[in-house]
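The next block holds one structure in the form of structure tokens; read it before the comments.
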Number of protein chains: 2
Amino acid sequence: MMQDAKPDAGPGLVQETIGVITQHIRAHELGPGDKLPSESSLAKELNISRTVVREAFRSLAAMRLIDLSVGKRAKVASIDHGAMSLMIEHGVITEQINVQQIYDVRRTIETRTVTLAALRRSDAEAESIMRHALEMQAHVDQADLVMEHDLAFHLDIARASRNPVFVVIVGAFQGVSRQSWPIGWKSRAPGEERASMIATHIGIAEAINAGDPQRASNLMSAHFDDSAKALLLAGLT
Amino acid sequence: MMQDAKPDAGPGLVQETIGVITQHIRAHELGPGDKLPSESSLAKELNISRTVVREAFRSLAAMRLIDLSVGKRAKVASIDHGAMSLMIEHGVITEQINVQQIYDVRRTIETRTVTLAALRRSDAEAESIMRHALEMQAHVDQADLVMEHDLAFHLDIARASRNPVFVVIVGAFQGVSRQSWPIGWKSRAPGEERASMIATHIGIAEAINAGDPQRASNLMSAHFDDSAKALLLAGLT
DNA sequence: TCAATAAACCTGTCATACAGGTTTAAGCTA
DNA sequence: TAGCTTAAACCTGTATGACAGGTTTATTGA
């Protein structure tokens with residue numbers, strides 16, 4: 001099926017094996033859910049040890065290109081933001097990225113997703129988005145609930161954009177957002193300021209429901225201006 | 001230093017070990033270049049086999065959170081688009097993402113990077129961007145050269161935005177762009193159409209150099225409209 | 001003091017083994 | 001013969017031990 005991997009010192013056997021596997025997916029036009037060869041069969045075929053194949057599989061699983069589970073064969077995976085989440089978190093932890101930069105990216109992406117959502121959303125999507133906004137309002141006293149519905153709100157909007165790349169990117173930022181969110185929340189005074197922040201979410205949901213991309217986009221942009229400012233006031237560079 | 005990993009069947013030893021290592025980076029505030037414990041010492045410390053530690057290291061290396069090299073200890077890595085490139089490519093190959101969707105994301109991101117570049121670029125950056133545009137013009141007969149300078153042009157603009165997240169995202173799309181670029185190029189008639197496409201790049205470079213974010217952004221947006229249309233005409237969904 | 005050399009350490013790969021989980025095949029029953 | 005049960009075959013997760021190089025550290029000799 002596939003040729004032997006050359007015993008090349010350069011990239012390393014594992015790296016080459018990763019290449020062989022991705023090539024295999026390409027060549028056989030595998031899609032999500034399709035099964036890959038077993039570790040042992042690959043090892044025999046490529047004349048390498050199972051150790052190497054395993055490390056290649058692990059690498060691909062780390063990038064979420066394949067799914068592993070015990071006893072069963074590896075499967076081609078659906079796209080998912082898990083790996084990208086970790087990368088972003090790592091960038092923040094090692095101080096290569098700061099929170100303001102993330103908010104700039106989020107604003108850029110999400111003013112687009114909200115525009116597309118207003119144009120393309122299904123009725124069910126519009127309703128789900130609105131529901132999250134209303135839940136935020138209903139539980140304004142429970143920060144954790146507000147946060148979860150806030151995150152779900154933004155992710156649902158990305159989904160309604162019908163572009164999976166936006167979904168992945170928005171999802172990828174949720175990990176770090178979970179950490180900075182409480183800071184922004186605390187920096188807003190209970191009462192007026194918090195209510196206004198939630199009102200903006202409801203306004204966005206209404207604009208999406210009304211199919212008004214311009215208004216949705218303006219509100220989203222204002223929301224991010226506001227959030228970035230709140231974090232800045234709280235001392236988050 | 002760290003506690004034993006519980007023999008939990010749930011996430012698996014490797015997954016847990018990945019957690020331990022990222023926690024270690026966090027706890028010790030390690031930055032890019034800092035060294036991690038050796039495989040054997042980690043294995044002994046966590047009472048697990050070196051096999052497990054190795055697979056955890058490989059996973060982190062696949063996500064580009066750490067760098068491995070033979071003989072030397074693993075180091076914390078700088079952010080880099082390698083893993084995200086593979087993820088995107090995988091999404092395209094498995095038909096979970098199409099080229100038009102990628103162009104929408106690129107347009108969204110790059111109308112922002114070009115705006116920031118016009119505001120923040122150093123003189124050296126403005127010059128480098130312009131140079132790539134001029135090289136495209138100078139080698140209009142050699143498609144591969146035009147493409148490489150085109151890609152470098154866009155990446156340099158992202159760098160000039162001074163936001164590493166944009167750089168990673170733009171870089172991540174270059175892999176797939178390399179595959180669709182020739183299609184778009186061929187769909188443009190030699191002479192007028194190709195010259196006009198390159199002229200747009202020069203116009204963008206000029207706008208960045210002139211510090212005119214509005215014009216830069218408009219030109220970039222027009223460029224992506226044009227490119228997406230060219231690919232559509234060539235039959236690329 | 002400094003440079004050459006040896007020792008200690010480290011990663012990459014291999015072979016083997018075994019405990020479970022999963023799929024497949026065989027066999028048995030009705 | 002159809003359907004269910006059970007055993008065999010297969011597969012992944014983890015452990016152990018081994019050895020070839022590459023790298024760092026310590027030693028030694030001038």
Side-chain angles (χ1 to χ4, degrees), chain A residues 1-21 24-25 28 30 33-77, chain B residues 1-21 24-25 28 30 33-77:
Chain A
M1 181 213 286
M2 225 145 290
Q3 298 306 64
D4 284 7
K6 304 164 297 226
D8 185 342
L13 278 184
V14 173
Q15 206 58 33
E16 272 182 49
T17 306
I18 291 177
V20 170
I21 298 167
H24 175 97
I25 294 174
H28 295 245
L30 301 187
D34 289 345
K35 284 196 268 240
L36 275 72
S38 75
E39 297 174 356
S40 354
S41 68
L42 258 178
K44 200 181 305 177
E45 200 177 325
L46 303 174
N47 268 102
I48 55 184
S49 69
R50 186 157 79 96
T51 310
V52 171
V53 177
R54 272 194 67 74
E55 292 189 10
F57 270 30
R58 277 285 183 201
S59 297
L60 290 166
M63 292 183 283
R64 301 291 208 280
L65 305 199
I66 66 176
D67 285 328
L68 302 179
S69 50
V70 353
K72 298 193 273 207
R73 302 233 298 254
K75 292 197 191 82
V76 175
Chain B
M1 177 215 289
M2 224 145 288
Q3 297 307 64
D4 282 8
K6 304 166 296 225
D8 185 343
L13 280 186
V14 173
Q15 207 58 34
E16 271 183 48
T17 307
I18 290 176
V20 170
I21 297 167
H24 175 97
I25 293 174
H28 294 244
L30 300 187
D34 290 345
K35 283 194 272 240
L36 274 71
S38 74
E39 296 173 357
S40 354
S41 68
L42 259 177
K44 201 180 306 178
E45 199 178 323
L46 304 174
N47 268 100
I48 55 184
S49 69
R50 184 156 81 96
T51 310
V52 171
V53 177
R54 274 193 67 74
E55 292 188 11
F57 270 30
R58 277 285 182 200
S59 297
L60 291 166
M63 291 183 284
R64 301 291 209 279
L65 304 199
I66 67 177
D67 286 328
L68 303 179
S69 50
V70 355
K72 298 194 274 207
R73 303 232 299 253
K75 292 195 189 80
V76 175

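Chain identifiers are assigned alphabetically (A, B, ...) following the order of the sequence lines, protein sequences preceding nucleic acid strands; residue numbering begins at 1 within each chain. Keep in mind the model is a prediction, meaning the values are calculated, not measured.
Residue B:Leu36 contributes atom CG, which lies 14 Å from atom C1' of C:dT11 at whole-angstrom precision. In this entry the distance linking CZ of A:Phe57 with C1' of D:dT14 reads 17 Å, nearest Å. Rounding to whole angstrom units, CD1 of residue A:Ile48 and P of C:dC14 are separated by 7 Å. Between the P atom of C:dC9 and the NZ atom of B:Lys35 lies a distance of 15 Å, rounded to the nearest Å. If you measure from atom NZ of A:Lys44 to atom C1' of D:dC10, you get 11 Å, rounded to the nearest angstrom. Going from atom CG of A:Leu13 over to atom P of C:dT11 covers 18 Å, rounded to whole Å. When the C1' atom of C:dT13 is taken as reference, atom CD of B:Glu55 falls 13 Å away, rounded to whole Å. Summarising the geometry, the separation between CD on A:Gln15 and C1' on C:dT13 is reported as 15 Å, rounded to the nearest angstrom.
Contact between B:Ser59 and A:Ala62 at its shortest, heavy atoms only, is O-CB, 3.5 Å.
Contact annotation: the side chain of B:His24 approaches that of B:Leu30 to within less than 4.5 Å [non-hydrogen atoms, C-beta and beyond]. Inter-residue side-chain proximity for B:Thr51 and B:Arg54 is flagged as unmet; no heavy-atom pair is nearer than 4.5 Å.
A distance of 7.5 Å separates CG in A:Leu42 from CD1 in A:Ile48, rounded to the nearest 0.5 Å.
The phosphate of D:dG13 (OP1 or OP2) has a side-chain N or O of A:Arg54 nearer than 4.0 angstrom. Between B:Arg73 and D:dT25 there is no side-chain N or O to OP1 or OP2 distance below 4.0 Å. Contact check, B:Arg50 against D:dA18: no side-chain N or O comes under 4.0 Å of OP1 or OP2. Residue A:Ser38 places at least one side-chain N or O closer than 4.0 Å to OP1 or OP2 of D:dC11.
The backbone N or O of B:Leu36 lies less than 3.5 Å from a partner atom in the side chain of B:Arg73, making a donor-acceptor pair.
Nearest-nucleotide positions on DNA chain D for B:Val52 and B:Val70 put B:Val52 closer to the 5' end. Toward the 5′ end of DNA chain C lies the nearest nucleotide of A:Ser49, the other residue of the pair A:Ser49 and A:Lys72 mapping further downstream.
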